[in-house]
Amino acid sequence: MARKDKPRRARAETPKGFRDYFGAEVVERKAMLDAIAEIYHRYGFDALESSAVETVEALGKFLPDVDRPNEGVFAWQEDADWLALRYDLTAPLARVYAQHRNELPTPYRRYAMGPVWRNEKPGPGRFRQFYQCDADTVGTASVAADAEICAMLCDTLKKVGINPGDYVVRVNNRKVLNGVLEAIGLEDEAHRAAVLRTIDKFDKVGETGVRELLGEGRKDQSGAFIDGVGLANDQIESVIVFLGARAKAAARVARGEHTQGAGIRLEARTSSAASERWRSDDERFLKMASDDPERLLNFETLNELRGLVGRSEVGLQGIDELEEMADLLDLQGYGPDRIVIDPSVVRGLGYYTGPVFEAELTFEIADEKGRPQRFGSVAGGGRYDDLVTRFTGQAVPATGVSIGVDRLLAALHAKGRTGGAAAGPVIVTVMDRDRMAEYQSICAMLRGAGIRAEVYFGNPKNFGNQLKYADRRGSPAAIIQGSDEAARDVVQVKDLVLGAKLSQDATVEEWKENPSQTEVPVGDLVTHLQRLLK
RNA sequence: GCCGGCGUAGCUCAGUUGGUUAGAGCGCCUGAUUGUGGAUCAGGAGGUCCCCCGUUCGAGCCGGGGCGCUGGUACCA
């Protein structure tokens, strides 16, 4: 057969889950990374750039398995070691801190940005390589550090063009979740993990969905059956009530009710430090209740939750921590319009040990087909007190945040807040091939004046193609100099933006008369263009 | 992994009850136009109809298997 004679050509395509970034996209992302870094830096965090490759052992969890060494990560074997591309920036930080802890200050505050890689099935908006921008504080257990990270996240979102009202930072605490699991008497690790995963889906599947998933299971919209956790009915009800705590508090606040005096349940608290602070603040709360009851929402939610974790020591501790965070943030002006205590926040099953949070965009976003799109969280983080311990054997508390830069960019794009057509360079056209040096000189003159410019390097035979090229590049102007103009030491400056506008309602003949073209002495070219480019 | 949808030109797709040389639009190239972007006109390049097996005189179309893509879901440090 003939086809056998034809060698198979190489396929020009990016591997699944990867993508190429062109001109404006690269510039935009860099601008966003710079903006984020500026805020991180201003908050006192130091830059850190660690290697993209780590040993699998340092990344943790994924021990080389003969059968599936690549599960989740891009890994390969080098001599006795398994190496892998980093899958986030937190695990490398733990390694760096453990390795250099004698030279680093404590607490160590660092920010990092760069691509991370995950060897997973890609989906819409999910790639196998993407950018993260992290800030972490290592070496302090203070809840103030967690609160600061949340405040900084708010400031950062504002900096990149997302204002209060366009997002919420939903905050929870793993200790509270553990407290609830304890309260419903769930000991089995696998079951506990499954319940947490289900709680995490509350937003997506709603109350009935969670009920089904905690019980017998449910059919999703594609018809696939998802196994349930198999909890008893009273256990399920407890979880549902837990998840509904915020809504219940909100309803109460809306009715103008509130728990009389925030200190009313002080006796139930376990953390003496928190109790002290709160007792002295009682008056402030009573004032808040009369002035601006909405501000009580987070605290009312916590009061609801307090009853639900019951006798669980760890649960009460988590609520105290949340209350302290909410209070710190509220006092700094980060109120419940942005900071939302939400019991359904879980953040995966990984290394988090205390406060967890994620930033979610609240504005509507439509995809190319106009369907409303779920964007999920654009940033998240929390406290991970055990991550460094793997290396040092000593407890090193740490907390931090990670911003998903690509997702954030995509959201801003879909929202139309970024991604305008990028301006192209001024194109110096080639009329006479043997005067190339002069065209280059004109170009050099423009570049010297800070104007982005280039000489046309395509085939100059057809002059129309040169303008077509300039058009495609989005050039603001084309410079034309034939022998006529050269003899008189002038150039033609063609205003391509104006020309394009005129072409829309002019006839071909009118348009071709070139009202957008002006003759300029070579000596005045820079000034003329500078005025034109404004 | 599980459930569904879809695989025909670079892209978006059409393709009749199975019938000769597989089409359109867009894009690309050449020319009308050796000093001017759009539009128009003329011409051109570009195809293993995802792969294999089967049914048939004959398969892009029917049957079986495989692969790929895609949407949802599961997992996600």
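So you know, we letter chains A, B, ... as the sequences are listed, proteins then strands, and number each from 1. Predicted model only: the values in this text are computed from it and were never measured.
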I'd like to know if [X] and [Y] make a salt bridge, using a cut-off of under 4.0 Å between side-chain N and carboxylate O.
X	Y	result
A:Arg347	A:Glu358	yes
A:Asp406	A:Arg19	no
A:Arg447	A:Glu454	no
A:Arg29	A:Glu25	no
A:Arg488	A:Glu519	yes
A:Asp136	A:Arg110	yes

How far does the [atom1] atom of [N] sit from the matching atom of [M], given to the nearest Å?
N	M	atom1	result
B:G60	B:A9	C1'	14 Å
B:C2	B:A45	C1'	45 Å
B:U40	B:G47	C1'	29 Å
B:C13	B:G7	C1'	13 Å
B:C69	B:U56	P	35 Å
B:G44	B:G65	P	45 Å
B:G27	B:G63	P	38 Å
B:G18	B:A59	C1'	6 Å

Under a 3.5 Å threshold, yes or no: a donor from one side chain and an acceptor from the other, between [X] and [Y]?
X	Y	answer
A:Gln481	A:Arg435	yes
A:Ser402	A:Asp134	yes
A:Arg95	A:Ser50	no

Between [N] and [X], counting only base atoms on the nucleotide and side-chain atoms on the residue, is there a donor-acceptor pair under 3.5 Å?
X	N	answer
A:Gln492	B:U36	no
A:Arg347	B:C76	no
A:Glu485	B:G35	yes

Show me the protein contacts with nucleotides 3-5 of chain B, counting only N or O atoms at under 3.5 Å.
residue: B:C3; atom: O2'; partner: A:Ser222; partner atom: O; Å: 2.4
residue: B:C3; atom: O2; partner: A:Ser222; partner atom: OG; Å: 3.2

Let's see if you can work this out: which of [options] has an atom nearest to the side-chain heavy atoms of [X]?
X	options	answer
A:Asp471	B:G37, B:G72, B:A77	B:G37
A:Ser516	B:A77, B:G37, B:U70	B:G37
A:Leu496	B:G35, B:A77, B:G37	B:G37

Over how many whole Å does the gap from [X] atom [atom1] to [N] atom [atom2] extend?
X	N	atom1	atom2	result
A:Ile480	B:G37	CD1	C1'	10 Å
A:Glu358	B:A77	CD	P	11 Å
A:Lys204	B:U73	NZ	C1'	8 Å
A:Asp200	B:U73	CG	C1'	15 Å
A:Arg118	B:A77	CZ	C1'	7 Å

| task | Name the residue closer to the 5' end of RNA chain B, choosing between A:Pro122 and A:Gly482 according to the nucleotide with the nearest heavy atom. | result |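 The residue mapped nearer the 5' terminus is A:Gly482.
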| Residues that A:Phe463 engages under ring pair (Phe, Tyr, Trp, His ring centres under 6.0 Å), provided they are two or more places apart |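 With sequence neighbours excluded, A:Phe463 shows a ring pair (Phe, Tyr, Trp, His ring centres under 6.0 Å) to no residue whatsoever.
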Are the side chain of [X] and the backbone of [Y] linked by a donor-acceptor contact shorter than 3.5 Å?
X	Y	value
A:Tyr40	A:Asp46	no
A:Ser51	A:Val53	yes
A:Glu212	A:Gly209	no

| query | So what does the secondary structure string of RNA chain B come out as, 5' to 3', with Watson-Crick or wobble pairs under 3.5 angstrom, [ ] for crossing and | for pairs with another strand? | reply | (((((((..((((.....[...)))).(((((.......))))).....(((((..]....))))))))))))....
Could you list, one pair per line, each protein nitrogen or oxygen that sits under 3.5 Å from a nitrogen or oxygen of nucleotides 25-31 of chain B, together with the distance?
residue: B:C28; atom: OP1; partner: A:Arg472; partner atom: NH2; Å: 3.0
residue: B:G31; atom: OP1; partner: A:Lys461; partner atom: NZ; Å: 3.2

Is there any protein nitrogen or oxygen under 3.5 Å from a nitrogen or oxygen in nucleotides 40-42 of chain B, and what are the pairs?
none

| Taking it one step at a time, do A:Asp146 and A:Thr399 satisfy side chain to side chain donor-acceptor pair (under 3.5 Å)? | CA-CA 6 Å; A:Asp146 300 285; A:Thr399 184; 2.6 Å; yes
| request: Kindly write out the residues that satisfy salt bridge (Lys or Arg N to Asp or Glu O under 4.0 Å) with A:Asp385, not counting sequence neighbours, or none if the list is empty. | output: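 Partners of A:Asp385 by the salt bridge (Lys or Arg N to Asp or Glu O under 4.0 Å) criterion, ordered by chain and then number, come out as A:Arg383.
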For [N], does OP1 or OP2 lie under 4.0 Å from any side-chain N or O of [X]?
X	N	value
A:Lys494	B:G37	no
A:Lys219	B:A74	no
A:Arg197	B:C75	yes

| request: Mind checking A:Asn459 for me? I need base, sugar-phosphate or nothing, with any heavy atom below 4.0 Å counting as a touch. | output: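 The residue A:Asn459 makes no contact with any strand.
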| Is A:Tyr87 stacked on the base of B:A77, meaning ring centres closer than 5.5 Å and planes within 30 degrees of each other? |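 Yes; centroid distance and tilt both under limits.
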| Sole candidate of A:Val388, A:Thr392, A:Leu387 that passes side-chain contact (heavy atoms from CB on, under 4.5 Å) when paired with A:Tyr97 |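 The side-chain contact (heavy atoms from CB on, under 4.5 Å) with A:Tyr97 is passed solely by A:Val388 among A:Val388, A:Thr392, A:Leu387.
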